[in-house]
Amino acid sequence: MLDKDELRSYLRFLDQATVKELLKRQAEYVRLLRSLTTEDVRRDTQFMLKLLEQELVVRLNLAALRQRRR
């Protein structure tokens, strides 16, 4: 399980990363999940991937809202 400092650091990355960086990391996690066998490491990676994908959805929704307001 991620400790508090690791989680804070990852959340900071999600907040500050560009969409390009997020998409690159997403691809890395998907590729990594294919080879992971340790359950706790798989669970952490899936959790991080879920947070990352939620961030991408939020950014897409915000971009769509901005477009509608123009």
Ser9 (side chain) donor-acceptor with Asp5 (main chain) under 3.5 angstrom: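 Answer holds: no.
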
Thr37 backbone acceptor or donor facing Arg42 side chain under 3.5 Å: no

Just verifying a value: how many Å separate [X] [atom1] and [Y] [atom2], rounded to the nearest 0.5 Å?
| X | Y | atom1 | atom2 | answer |
| --- | --- | --- | --- | --- |
| Leu65 | Arg70 | CG | CZ | 12.0 Å |
| Thr45 | Lys50 | OG1 | NZ | 14.5 Å |
| Gln46 | Glu39 | CD | CD | 7.0 Å |
| Leu11 | Gln16 | CG | CD | 11.0 Å |
| Phe13 | Leu51 | CZ | CG | 11.5 Å |
| Leu2 | Arg8 | CG | CZ | 12.5 Å |

Quick one: are [X] and [Y] in side-chain contact, heavy atoms under 4.5 Å?
| X | Y | value |
| --- | --- | --- |
| Leu23 | Leu56 | yes |
| Arg25 | Glu21 | no |
| Val30 | Arg34 | yes |

Show the nearest heavy-atom pair for residues [X] and [Y], with the distance to one decimal.
| X | Y | result |
| --- | --- | --- |
| Glu53 | Gln26 | OE2-NE2, 3.0 Å |
| Leu14 | Leu52 | CD2-CA, 3.8 Å |
| Leu49 | Tyr10 | N-OH, 4.5 Å |

Single-linkage hydrophobic cluster Val58~Leu7, side-chain heavy atoms < 4.5 angstrom: no

Electrostatic pair Glu55:Arg59 at N-O distance under 4.0 angstrom: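 The answer is yes: the pair qualifies as a salt bridge.
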
